[in-house]
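Note sheet for the following structure.
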Amino acid sequence: KDKHKEKEHKHKDHKKDKEREKIKHSNSPTRQFSVVSLNFRFLISLQICRLTVRPRERSPVAIKSEPEDDNGFYPSPKHNKATKRERDDDEEFEYKPKKVKVEHDKKAKKRKHEYEDDEEDEHKKKTKDKKATEGKKAKKQEEEKWKWWEEERYTDGSKWRFLEHKGPVFAPPYEPLPDKVKFYYDGKPMKLSAPAEEVATFFAKMLDHEYTTKDIFRKNFYKDWRKEMTSEEKSVITDLNKCDFREMSEYFKAQSEARKQMSKEEKQKIKEENERILQEYGFCIMDNHKERIGNFRIEPPGLFRGRGDHPKMGMLKRRIRPEDIIINCSKDSKQPKPPPGTKWKEVRHDNKVTWLVSWTENIQGSIKYIMLNPSSRIKGEKDWQKYETARRLKKCVDRLRAQYRDDWKSKEMRIRQRAVALYFIDKLALRAGNEKEEGETADTVGCCSLRVEHIKLYPKMDEQEYVVEFDFLGKDSIRYYNKIPVEKRVFKNLQLFLENKQPEDDLFDRLNTSILNKHLQELMDGLTAKVFRTYNASITLQQQLKELTSPEDSIPAKILSYNRANRAVAILCNHQRAPPKTFEKSMQNLQTKIDEKQKQLSAARKQLKAAKADHKASHDEKSKKAVEVKRKAVQRIEEQLMKLQVQATDREENKQIALGTSKLNYLDPRISVAWCKKWDVPIEKIYNKTQREKFAWAIDMAEKDYEF
DNA sequence: CACGCGACTTAGAACTTAGGTC
DNA sequence: GACCTAAGTTCTAAGTCGCGTG
């Protein structure tokens, strides 16, 4: 079946091919952004607009598109690398430890000791002079911020030597409804048994959600609900449509209202209790360092709501009991105790993994874990390593690109498919696309699992030749919609792949992620499909920052540039969000503020003019001062106005783009740190507290000349 | 090689809180 | 001091990818 006809024409320009030409489309193509001052080259060329609609908002309305030229968006791989290199550049994983193990242990012991002290303090102090203790504590913590990145890593595949924790926090037990809150069946009140009632409350709590009206949701819910019913209940309740949960729903609404109305003291009390639980369960000791745990609370029972069109939506997610829990800790640690009268499923001591607690979830049968916070050593090291791998890809990406271009001509079908898929992954930052079990999850795809129905080929479209239109649901059922011109060879290959296939057939029938990743592994150690996403995201940020930052810009303007660079990446990776519910309103509010500010400004200018005239007439000191005062006022207001305008632009551009995901997962933080240092932008403007904790390693080590 | 499983990263939405405004 | 919004935090679903097994 590997028939390959096709005479190749000379391609004129390789460089050009690498250049990204993305056509974005908009559902309301007429909409334009209100563009305010400053350097908008980027925005204008990129034309940030709505990419897709969420599936639930999806309408069969035709999607229009606007062609766009955006030269300079795609990261042209430059090799004008500065001569200076970081200490960790070059070899394999270049983690050069500054300290050796022995020292580490010593320091660690001291650390543990202090940790225990801390705990004791916590309990005794309470009433004592708070300020003094807090001050002391803060200082102490400051002094001993542990720089794990200066230490050696384990090379034997083990993740830790010592691990001690208190186990998970379970969901609070079910509290039956007060008798006055009734459930009605077929118009008649009906008292439910506790288990049936609990599951009913899950449904009641979701009543306002659209998905409780969906057939699949209702069917799944009803089926699982019946399993919790007594036999009498089962015989009475035979039709979900006759069930009236409204009173229950109202009750919960009132409850949450009441919670909001609680007095300060009550709220404070709850806060303190949460803090106590956090202190007790929210930390563990791993290799003698106290580390924050990410999710120490077990997921409470409820109704499963997958994203998109999920076949299992509405199913009962059952309550997790101690008997379901596997504890992982070190042998020589104090083992966590199960709640009185219960037992753990298992306690194991596996230092080849990083999790502390696990259980099997009943919807998909997958395993859930309790792991450490992103600020922990174990997560940080991995994160760092990820960016180092991406940087190694940078060094050989030209070679790889040349190779896959070459493979487009291969006489083997599987190689051509592999090469075209890789091209998409590289150019469009698509995900790998593992195959999924049909009917178990929402129907979403990535690159390798693309089907014929997901692409359309246009030999000619407007001015452009060889345009491919992508339209599919990706991870989280977020729609990916894009039209891009591709090289003739890619286009011809796609035509070939499509031959004699049905819409629901795989586009790449000779390819899957395993084959692809095996191939990538051969090209570069540690290379997998997702490294391309990391690489392209980070290199785009770096390149965009270079392009957008003007030295003479104010700090807010620089931050806008940063956000735009960030946005370019988010668009590349198709990170979208639903426009905030209050978006229009908040935009209006901001506009009102801007209008006011403008009025203020013209008033201030008038006053300045008057003062100047006054000074001209009198030439005395007093009037001179008055002019200065007014001048200052005008300047101040101008700045304020500028800030507001920048804010408005930023917000508008960001309407349905989510920056967080790329910032947290794809952008080498050292690029941002270096940028901040270079332009004297406080790091706090870019990373909030949590993010600074996660990226502490980068903040500590990156200098202003860091190059990704 | 197909398959399922296990571990871990990536993801957007829901919820909560802080800080500004009236 | 109440209220409102934006920012920050939490939640947990949904991916990726490697490994063992048959």
Side-chain angles (χ1 to χ4, degrees), chain A residues 54 159 171 206 209 256 259-261 264 267 270-271 274 278 282 294-300 302 304-308 310 312-313 317 326 328 350 352-355 358 360-361 363-374 378-379 382-383 385-386 430-437 440-442 444-449 473-478 512-518 520-521 526-534 537 570 573-578 580-583 585-587 589-590 593 647 651 654 656-666 687-691 693:
Chain A
R54 258 138 244 288
K159 306 295 170 72
M206 297 175 141
H209 258 112
S256 74
R259 223 171 305 131
K260 271 188 223 153
Q261 299 302 322
K264 251 195 178 152
K267 280 186 184 168
I270 291 172
K271 210 175 157 188
N274 279 333
L278 172 69
N295 55 325
F296 54 90
R297 285 172 204 276
I298 301 270
E299 297 171 20
F304 175 81
R305 169 57 193 173
R307 300 171 204 240
H310 198 117
K312 299 195 170 181
M313 65 168 86
K317 198 167 93 164
I326 302 174
N328 193 31
D350 181 358
K352 298 279 188 287
V353 297
T354 67
W355 53 268
S358 76
T360 302
E361 151 268 357
I363 304 287
Q364 323 270 358
S366 66
I367 308 171
K368 301 254 184 171
Y369 304 93
I370 290 183
M371 292 184 189
L372 296 193
N373 195 69
I378 214 149
K379 293 288 184 188
K382 203 73 190 300
D383 209 33
Q385 192 180 115
K386 172 180 75 187
L430 301 189
R431 295 185 184 84
N434 284 309
E435 50 270 68
K436 307 166 69 183
E437 217 174 325
E440 294 293 299
T441 57
T444 64
V445 297
C447 186
C448 294
S449 48
L473 297 182
K475 181 176 179 181
D476 292 329
S477 293
I478 296 291
N512 62 38
T513 53
S514 167
I515 296 171
L516 180 64
N517 281 332
K518 256 184 213 125
L520 292 176
Q521 185 58 241
L527 186 61
T528 63
K530 84 189 188 85
V531 178
F532 280 90
R533 249 167 103 81
T534 312
C573 295
N574 200 36
H575 290 142
Q576 303 187 48
R577 61 170 183 174
K581 293 227 156 50
T582 54
F583 185 83
K585 205 171 87 191
S586 84
M587 225 41 219
N589 289 349
L590 200 53
K593 272 196 207 166
Q647 205 187 346
R651 196 180 296 173
N654 228 26
Q656 55 215 147
I657 296 173
L659 300 186
T661 301
S662 49
K663 204 176 197 176
L664 241 44
N665 301 303
Y666 288 104
Y687 291 136
N688 68 31
K689 186 162 157 283
T690 314
Q691 292 164 341
E693 277 163 16

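In the text below, chain A, chain B and the rest are named by the order of the sequence lines, each starting its count at 1.
Rounded to an integer number of Å, the gap from A:L430 CG to C:dG15 P is 14 Å. Rounded to an integer number of Å, the gap from NZ of A:K352 to C1' of B:dA7 is 15 Å. Atom OH of A:Y687 and atom P of C:dT9 are 15 Å apart (whole Å). Following rounding to the nearest Å, A:L659 (CG) and B:dT10 (P) show an atom-to-atom distance of 17 Å. Between A:R577 atom CZ and B:dT10 atom P there is a gap of 21 Å when expressed in whole angstrom units.
Considering all non-hydrogen atoms of both residues, A:L516 and A:C448 come closest at CD2-SG, 3.9 Å. Contact detail for A:T661 and A:H575: the closest heavy-atom pair is CG2-NE2, 3.5 Å. Here the closest non-hydrogen pair linking A:G365 and A:T360 is O-CG2, 3.6 Å.
The side chain of A:K436 contributes an N or O atom lying less than 4.0 Å from OP1 or OP2 of C:dG15. In this structure, A:T690 reaches the C:dT9 phosphate: one of its side-chain N or O atoms is under 4.0 Å from OP1 or OP2. Phosphate contact (OP1/OP2 of B:dC8, side-chain N/O of A:T354, threshold under 4.0 Å): present. Residue A:R533 places at least one side-chain N or O under 4.0 Å from the OP1 or OP2 atom of B:dA11. Phosphate proximity of B:dA11 to A:H575: present, with a side-chain N or O under 4.0 Å from OP1 or OP2. At B:dA2, none of the side-chain N or O atoms of A:S514 fall inside 4.0 Å of OP1 or OP2 (strictly under the cut-off).
At the heavy-atom level, A:K689 lies nowhere under 4.0 Å from the strands shown. Counting non-hydrogen atoms under 4.0 angstrom, A:Y369 reaches a base of the nucleic acid. Counting any heavy atom pair closer than 4.0 Å across all strands shown, A:G660 reaches no nucleic acid atom. At a threshold of 4.0 angstrom between heavy atoms, the contacts of A:P374 with the nucleic acid are absent. Residue contacts for A:R307: at a heavy-atom cut-off of 4.0 Å it reaches a base atom on one of the strands shown. A:K312 comes within contact range of no nucleotide atom at all, as no heavy-atom separation falls under 4.0 Å.
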Problem set entry | CA sep, side-chain torsions, deciding dist, call: A:Q691, A:L664, side-chain contact (heavy atoms from CB on, under 4.5 Å) | CA-CA 8 Å; A:Q691 292 164 341; A:L664 241 44; 3.8 Å; yes
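A donor atom on one side chain and an acceptor atom on the other are found under 3.5 Å apart for A:K436 and A:T444. Side chains of A:E435 and A:S449: a donor-acceptor N/O pair is absent below 3.5 angstrom, by distance only.
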Problem set entry | Footprint string (nucleotides 17-22 of chain C, 5' to 3'): B base within contact, S backbone only, - free, heavy atoms under 4.0 Å | BS----
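At least one side-chain heavy atom of A:T441 sits under 4.5 Å from a side-chain heavy atom of A:Q364.
Judged by closest nucleotide on DNA chain B, A:N665 is the one of A:N665 and A:N274 placed further toward the 5' end. Mapping A:T534 and A:I367 onto DNA chain B via the closest heavy atom, the residue that lands nearer the 5' end is A:I367.
With hydrogens and angles disregarded, a donor-acceptor distance shorter than 3.5 Å links the side chain of A:Q521 to the backbone of A:G526. Between the A:N512 side chain and the A:N434 main chain, no donor and acceptor come within less than 3.5 Å of each other.
Using the six-membered ring where Trp is involved, A:Y369 and A:W355 have ring planes that are tilted, between 30° and 60° apart.
Between its two ends, the helix from B:dC1-C:dG22 to B:dC22-C:dG1 turns its axis by 10°, counting five pairs per end and rounding to 10 degrees.
Side-chain atoms of A:K379 stay outside donor-acceptor range of the base of B:dT9, with no qualifying N/O pair under 3.5 Å.
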